[in-house]
Asks: 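Quick one: the structure is below, and I'll ask about it shortly.
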2 protein chains.
Amino acid sequence: MRENGVMPIAETPKNPEPGTELARSGSPASSPGRILTLVHRHGSLSRAQLTRLTGLNRSTVGVLIAALAAQGLLYEAAPEGEAQVGRPSPEVHPNPAVAALAVNPEIDAVTIGLVGLGGRVFKKIRYPTQRIPTAAEAVNIAAAVIAGMRGELDAQYRVVGVGVAVPGLVTGVDGVVRHAPHLDWHNEPVADMMAAATGYRVRVANDASLAAEAEMTFGAATGIANLIYLNGGASGIGGGIVADGRLLTGVSGYAGEIGHTLVRSDGISCHCGAFGCLETEVRQAPLLAALKLDAGDPAALARALRATEDPAVTAEVDRQIAHLATAIGNVVNVFNPEAVVLDGFLAALYSAAPEQLLAAVSARSMREPGAQVTIHPAALGADLMMVGAAELAFAALLADPAGFMEAR
Amino acid sequence: MRENGVMPIAETPKNPEPGTELARSGSPASSPGRILTLVHRHGSLSRAQLTRLTGLNRSTVGVLIAALAAQGLLYEAAPEGEAQVGRPSPEVHPNPAVAALAVNPEIDAVTIGLVGLGGRVFKKIRYPTQRIPTAAEAVNIAAAVIAGMRGELDAQYRVVGVGVAVPGLVTGVDGVVRHAPHLDWHNEPVADMMAAATGYRVRVANDASLAAEAEMTFGAATGIANLIYLNGGASGIGGGIVADGRLLTGVSGYAGEIGHTLVRSDGISCHCGAFGCLETEVRQAPLLAALKLDAGDPAALARALRATEDPAVTAEVDRQIAHLATAIGNVVNVFNPEAVVLDGFLAALYSAAPEQLLAAVSARSMREPGAQVTIHPAALGADLMMVGAAELAFAALLADPAGFMEAR
DNA sequence: GTTAATAAGTTCTGTACTCAAACATATTGG
DNA sequence: CCAATATGTTTGAGTACAGAACTTATTAAC
């Protein structure tokens with residue numbers, strides 16, 4: 001036994017626990033950025049939790065939080081709930097008055113939202129349009145709605161920018177919508193147009209990609225770093241892929257088009273030029289027609305699918321599930337994701353026969369990745385696009401709070 | 001005009017040129033790590049180029065290079081070639097004596113190599129086996145060959161570790177080969193076995209993934225951050241995906257199995273349990289049989305394919321190209337890669353009718369991503385697996401040179 | 001050939017970030 | 001009330017890096 005001797009230098013546990021914090025899509029965030037991001041995503045965290053998650057020293061965390069609090073980005077409050085042994089650690093909350101505007105043009109409406117740091121949706125205004133809006137019209141509508149809120153925004157919020165979620169291919173850097181087939185937009189400089197019309201910083205991205213990030217951040221796949229998101233809407237199937245916590249964009253931002261995977265060699269031809277695509281074989285319209293529903297409400301569709309015993313409907317469901325499973329099995333082999341999140345009518349399809357889809361995916365994928373993957377219906381529902389688009393506007397702030405606040 | 005007045009403070013160009021340096025698979029490297037990595041990948045760079053690529057101040061780069069040179073990891077030399085205006089910037093070279101061992105077990109041989117920093121292959125020893133080696137046999141063979149080189153290694157090189165490239169599914173962290181179908185290995189702790197047998201640090205990964213990284217780093221896709229690599233061998237089709245400069249692994253390291261994408265709905269059944277997989281429809285054997293070749297040399301196959309006018313052969317080529325294009329089109333839609341690199345007999349297939357494959361891929365993919373993607377035959381050939389496996393062993397050194405040298 | 005112009009290496013100093021140690025504080029369980 | 005525990009707080013030091021000022025090596029111009 002060693003007694004009275006000089007103790008060896010205290011072991012210094014260096015490395016932060018690996019894997020506790022997800023890498024994020026953007027560039028490697030600064031330390032204040034990591035703190036703010038964690039608080040934003042979790043809604044609230046104790047200082048002690050932040051210390052563990054970041055791997056930083058608790059004195060450092062103290063300094064960083066003080067700085068962020070001084071900038072009005074977050075605030076501390078007394079802890080609530082049962083206390084543990086030891087000095088209680090104050091809860092750190094994001095300041096929800098720091099907010100982002102979210103814009104989502106669709107074929108029949110433009111939706112504008114206001115989302116606070118922490119992910120709460122304060123406002124959501126759906127502005128229906130007579131016909132499919134042009135890019136200029138969509139921008140004008142959004143700008144007008146924002147102008148109407150301006151007094152309130154300036155008085156009660158600090159708006160960091162605008163995020164636009166567009167159902168189409170968007171070039172990453174400059175916010176140009178290259179091609180949005182259902183809106184019939186081509187090479188529209190939406191970011192510049194919206195910036196000119198509102199005076200805010202604007203970023204634009206593909207809606208499905210943003211939805212994938214939103215589901216990872218706040219939804220069904222919270223904390224999962226490898227996931228596939230698939231959304232089925234009236235106009236087709238969009239997707240987004242998150243790998244190692246980062247949203248995949250590809251060279252020019254077009255990644256994620258899982259809707260155009262081959263699922264049937266003798267399938268009918270698709271507007272993309274190919275044939276037998278997932279999007280042409282798995283559609284909402286035949287299901288609605290067979291069930292004699294007309295609205296595209298996924299919840300109603302899910303209820304009807306679960307209730308029906310019509311053999312024509314179940315045959316169509318079986319067919320679509322088989323094709324969906326083929327596409328999912330392919331991407332499971334290619335990506336080895338932890339989870340697949342299904343949204344829109346694909347979630348309804350899943351809820352009609354969850355084991356059947358899971359079994360078919362297993363059959364179509366290799367054993368190990370097929371056995372590991374889980375399937376979830378999306379959790380964010382109606383607010384999804386608002387949260388996703390807002391995340392786009394928050395990104396710059398979250399990456400470098402000091403630099404962002406300084407620049408304005 | 002302002003004259004004699006106080007000049008405005010010199011504009012300070014901050015941010016390093018974005019996109020000049022690729023993010024890498026590993027964790028975000030330290031600054032010395034970034035320098036060493038760049039020098040390793042480029043073979044040699046001037047200090048001025050390193051300053052620009054890293055975005056660091058030139059005084060900082062000077063300090064970092066001095067430290068790395070003191071550790072014997074790189075050295076500076078007088079610049080060669082035509083000089084520019086201004087003081088010449090010394091060339092920084094990696095020290096090739098800092099080397100990694102590479103091991104690649106296959107069904108009929110175990111290949112052991114020695115690769116220097118900078119990517120040069122100094123030695124490559126192919127040790128043929130009578131039958132498919134077990135994991136223990138493969139480790140023993142590799143350990144014996146390495147023991148035979150030991151004197152030379154200790155005298156002339158600094159060996160940083162061993163990288164093993166295995167044709168099978170490998171769990172990322174612990175180096176366990178979960179399942180290598182063609183070797184018939186199951187749950188073999190290859191990393192631990194090899195470490196025990198050689199005394200070196202060992203890392204293990206999937207061969208196709210390593211090949212993808214090697215082609216990105218030193219081969220046909222140098223500097224391309226978004227690419228798909230597909231290799232066709234006697235036993236099937238393997239692949240690897242690099243997105244934003246990072247190799248995708250998935251949750252448990254199984255990502256990249258593009259060989260099991262559906263390409264034909266009424267296709268024959270595959271050993272993976274599904275049917276109509278790329279791997280079952282596009283195979284080397286029928287091509288070799290039709291051409292009456294027996295060796296699987298891709299170069300000979302490519303020559304024979306280009307020379308033949310046998311309609312049976314061209315029909316088979318057409319069929320395989322169509323199926324290959326389907327699989328490539330799918331992943332192009334999903335990933336929007338800049339390049340697809342084809343290796344093994346797939347490269348031969350491509351060289352037989354390059355425009356045909358390209359056109360078929362375009363037809364199967366969406367317009368924008370389909371128009372952007374390029375297809376290349378692999379460039380690294382015989383040394384590919386050695387370079388890829390060595391990269392695995394170099395990774396820890398490149399991420400944090402100081403920490404690595406200190407730890408031993 | 002000397003002299004600018006240019007581009008880069010070198011030296012020095014300041015600052016921001018971070019950690020560790022010592023200390024202070026708030027809680028639970030005896 | 002006291003020990004044990006976990007945490008916040010204060011202080012001092014170390015490191016990485018940037019920026020300014022200076023030096024050096026080259027080409028281009030006269």
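Side chains included, hydrogens not; waters and symmetry mates left out as well; all remaining heavy atoms used.
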Asks: Can a donor-acceptor pair be found, under 3.5 Å and without considering hydrogens, that links the side chain of A:N226 to the backbone of A:D244?
Replies: yes
Asks: Would you say the side chains of A:E91 and A:S44 form a donor-acceptor pair under 3.5 Å?
Replies: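 A:S44 and A:E91 do have a side-chain donor-acceptor pair below 3.5 Å.
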Asks: Can you tell me if B:T51 touches the phosphate of C:dA8, counting only side-chain N or O atoms and a distance under 4.0 Å to OP1 or OP2?
Replies: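 The answer is no; no side-chain N or O of B:T51 sits under 4.0 Å from OP1 or OP2.
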Asks: What stems, by residue range, does DNA chain D take part in, given at least 3 consecutive Watson-Crick or G-U pairs under 3.5 Å?
Replies: C:1-30 with D:1-30
Asks: Given atom CG of A:L50 and atom C1' of D:dT7, what is their separation to the nearest angstrom?
Replies: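 Nearest whole value for this atom pair: 13 Å.
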Asks: C:dA7 C1' sits how many Å from B:R47 CZ, rounded?
Replies: 13 Å
Asks: Closer than 4.0 Å, any side-chain N/O of B:T60 to the OP1 or OP2 of D:dA18?
Replies: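 Checking B:T60 against D:dA18: at least one side-chain N or O falls below 4.0 Å of OP1 or OP2.
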Asks: DNA chain C: A:N57 or B:V63, which has the more 5' nearest nucleotide?
Replies: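 The answer here is B:V63.
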Asks: Protein within reach of the bases, or only the backbone? For nucleotides 22-30 of chain D, mark each nucleotide 5' to 3' as B, S or -, using heavy atoms under 4.0 Å.
Replies: -BBBBS---
Asks: At less than 4.0 Å, is any side-chain N or O atom of A:S89 found next to OP1 or OP2 of D:dA6? Yes or no.
Replies: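 Checking D:dA6 against A:S89, no side-chain N or O comes under 4.0 Å of OP1 or OP2.
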Asks: Starting at CD1 of B:I65 and ending at P of C:dA8, how long is that distance when rounded to a whole Å?
Replies: 13 Å
Asks: Measure from CG on A:D400 to P on C:dA16 and round the result to the nearest Å.
Replies: 14 Å
Asks: Supply the atom-to-atom distance B:Q71 CD to B:L36 CG, rounded to the nearest 0.5 angstrom.
Replies: 9.0 Å
Asks: Rounding to an integer number of Å, can you tell me how far B:L64 CG sits from D:dA18 C1'?
Replies: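 After rounding, the reported distance stands at 12 Å.
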Asks: Begin from the C-alpha positions of A:D174 and A:D192 and carry the test side-chain contact (heavy atoms from CB on, under 4.5 Å) through to its verdict.
Replies: CA-CA 8 Å; A:D174 54 5; A:D192 290 345; over 6 Å; no
Asks: Between D:dT7 atom P and A:L53 atom CG, what is the distance in whole Å?
Replies: 12 Å
Asks: Does CZ belonging to A:R158 count more than 12 external heavy atoms closer than 6.0 Å?
Replies: yes
Asks: Between the side chains of A:E391 and A:R203, is the shortest nitrogen-to-carboxylate-oxygen separation below 4.0 Å, so that they form an ion pair?
Replies: no
Asks: Could you tell me how the ring of B:F218 sits relative to the ring of B:H40: parallel (under 30°), tilted (30 to 60°) or perpendicular (over 60°)?
Replies: perpendicular
Asks: Are B:V162 and B:R201 packed together at the side-chain level, in the sense that at least one heavy-atom pair is separated by less than 4.5 angstrom?
Replies: no
Asks: Roughly how many Å is it from CD in B:Q49 to P in C:dG9, rounded to a whole number?
Replies: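 About 11 Å, once rounded to whole Å.
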Asks: Just checking B:S46: base, sugar-phosphate only, or nothing, at a heavy-atom cut-off of under 4.0 Å?
Replies: nothing
Asks: Checking only heavy atoms, does the side chain of A:S59 share a donor-acceptor pair with the base of C:dA20 at less than 3.5 Å?
Replies: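 Answer yes: a donor N or O sits under 3.5 Å from an acceptor.
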Asks: Hey, are the side chains of A:P94 and A:L73 touching, using non-hydrogen atoms and a 4.5 Å cut-off?
Replies: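 The answer is no, as the side chains (C-beta and beyond) never meet within the 4.5 Å cut-off.
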